Amino acid sequence: MKNTENKNNSSPHLPFGDQRTAPWYGKSIISVKQFSKGDLKYIFEVAHEMREMVGRVGTFDLLKGKILANLFYEPSTRTASSFTAAMERLGGSVIPINEVKYSSVAKGESLPDTIRSLECYSDVIVLRHPDLGASQLAAQYARKPIINAGDGIGEHPTQALLDLFTIIVERGPVDGCTVTMLGDLKYGRTVHSLSRLLSLYDVKLNFVSPDILSLPREIISELQEQKIPFQEFTDLDSALPDSDVLYVTRVQKERFEDPQEYEKVRGTYIISKQTLEKAKEDLVLMHPLPRVGEISMDLDDDPRAAYFRQMEYGMYVRMALLAMVLGKA
Ligand code: NCD
């Protein structure tokens, strides 16, 4: 399955724009900017089908014989294991490289060389890397599709897709929603991807963060260009009552150069039972996880707490994406 489109150094290989007429076969998934509203509708239709199939038969052979390389230069619980589960439920198999320190990366191998090696053994590569733009770089060298599983403080497109799928499953149509994102909006790549995806819809956005962790101005400008109504706050009180979705994030400790700066902002927001007294009864409370105290555990039984269901939906979305880039959806 040689993919010449992905094998280039200079010409654009990303399927930006509406690709409804072109299949996703062999395409890399690097940024949510690749997706049109039509693409999202299609992905979610496939994800719904995957959910139904898993419920009915558990595992099936759509990707039998295909191999995924899971290449993680940063820690991961959910993303790595849900891609593994997704591939295995579709009958494929996985080369797990979760600890790059035990791979040739520890000997100084470059990312392009590691990618060119792994693609000899696999049909698709899922990559998480601490550097902004790492997946884009990998895709320039790869003949096989690269799926960005987080590139530093850049994007996390598959998380944003599963976040949006969660909103749809839990609540229904995205249009008309007020979504409030809370926490580390500066370094939180999931927020970057999700706010970009939401800007395809008729939504209102609230961004709540400490001043030093506000949403990057680049994304603010994109929202302004798209004429998305949004407001920025430092406390949750005024944003919460109108919110249909509250998307809570962890302060990204590993991105801080100065540990004292982290200490100043950690624990700024803690969502508790008391906080939710002022929220809508049908609020969807989300978190990409891991949480490190931002949502009190006593909320876990609240029907509005969607974060564990959100995780499960992620597997169906990743099954859909794998089937698409491997030409089976
Ligand atoms: C997120 C990430 O890695 O960006 N985790 C995830 O993939 N679910 C969020 C985080 O680490 O805080």
Side-chain angles (χ1 to χ4, degrees), residues 29-32 47 68 70-87 96-100 125-136 146-167 179 181-197 207-210 213-216 219 245-256 262 265-271 284-295 300 305-319 321-322:
I29 296 174
I30 307 299
S31 161
V32 290
L68 175 153
N70 233 0
L71 177 59
F72 280 69
Y73 289 72
E74 282 188 340
S76 171
T77 299
R78 278 148 289 270
T79 308
S81 57
S82 67
F83 267 112
T84 300
M87 195 63 184
I97 306 196
N98 292 330
E99 282 280 7
V100 287
I125 299 174
V126 172
L127 173 67
R128 170 170 289 184
H129 197 282
D131 293 349
L132 180 66
S135 292
Q136 169 79 63
I146 301 290
I147 299 182
N148 181 3
D151 62 331
I153 59 166
E155 281 219 30
H156 195 347
T158 67
Q159 177 72 42
L161 290 168
L162 80 86
D163 293 339
L164 201 54
F165 186 66
T166 301
I167 296 175
V179 179
M181 300 191 207
L182 173 88
D184 186 346
L185 311 183
K186 178 180 182 189
Y187 297 123
R189 54 196 174 196
T190 69
V191 168
H192 303 166
S193 293
L194 183 58
S195 41
R196 284 180 167 133
L197 265 194
F207 298 109
V208 185
S209 72
L213 295 179
S214 65
L215 197 69
I219 301 178
V245 175
L246 177 60
Y247 188 91
V248 182
T249 64
R250 166 181 76 91
V251 178
Q252 309 277 298
K253 183 179 181 186
E254 67 275 29
R255 310 287 179 212
F256 283 73
Y262 170 72
V265 285
R266 67 180 287 212
T268 309
Y269 310 107
I270 295 171
I271 307 300
V284 182
L285 178 61
M286 296 171 62
H287 194 306
L289 302 176
R291 66 175 157 185
V292 286
E294 309 83 34
I295 298 180
D300 294 354
Y307 31 92
F308 296 123
R309 296 190 292 275
Q310 181 182 351
M311 255 171 52
E312 184 191 323
Y313 302 144
M315 183 178 76
Y316 308 128
V317 170
R318 288 173 172 139
M319 288 172 80
L321 296 172
L322 289 173

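Quick caveat: nothing in here was measured; it's all calculated off a predicted structure. All ligand and atom numbering here is 1-based and tracks the order in the structure.
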Against heavy atoms of Thr190, which atoms of ligand 1 measure under 4.0 Å? 1 (C), 4 (O)
Please determine if Pro288 has a nitrogen or oxygen closer than 3.5 Å to a nitrogen or oxygen of ligand 1. yes
Check Thr249 against ligand 1 and report side chain, backbone, both or neither, counting heavy atoms closer than 4.0 Å. neither
Pick one of side chain, backbone, both or neither for how Glu74 approaches ligand 1, counting any non-hydrogen atom pair under 4.0 Å. neither
Distance col, row Thr77:OG1 vs Asn98:CG, nearest 0.5 angstrom, shows 9.5 Å
State whether the number of non-hydrogen atoms from other residues, nucleotides or ligands found under 6.0 Å of Arg266 atom CZ is greater than 12. no
Numbered in order shown, the ligand 1 atoms found under 4.0 Å of a heavy atom of Arg250 are 10 (C), 11 (O), 12 (O)
What atoms in ligand 1 come closer than 4.0 Å to a heavy atom of Pro290? 10 (C), 11 (O)
Got the closest protein heavy atom to atom 3 (O) of ligand 1, with its distance? Arg189 NH2, 2.9 Å
If you measure every N/O of Gln252 against every N/O of ligand 1, is any gap under 3.5 Å? yes
Near Leu289, which atoms of ligand 1 are under 4.0 Å from a heavy atom of that residue? 1 (C), 5 (N), 6 (C), 8 (N), 9 (C)
Parallel, tilted or perpendicular for Tyr73 and His129, by the 30°/60° rule? tilted
Using atom types as modelled and distance alone, determine if a side-chain donor or acceptor of Arg196 lies under 3.5 Å from a backbone N or O of Ile219. no
For a quick test of reading the model, state the closest non-hydrogen atom pair linking Pro288 to Val248 and the distance between them. CD-O, 3.2 Å
Give the atoms of ligand 1, by number and element, whose distance to some non-hydrogen atom of Thr79 is under 4.0 Å. 6 (C), 7 (O)
Would you call Glu254 and Arg189 a salt bridge, taking side-chain N to carboxylate O under 4.0 Å as the test? no
What's the spacing between Leu127 CG and Asn148 CG if we round to 0.5 Å? 7.0 Å
Would you check, one step at a time, whether the test side chain to side chain donor-acceptor pair (under 3.5 Å) holds for His156 with Arg128? CA-CA 9 Å; His156 195 347; Arg128 170 170 289 184; 3.2 Å; yes
Option set His156, Arg78, Glu254, criterion heavy-atom distance to atom 7 (O) of ligand 1, minimum: His156
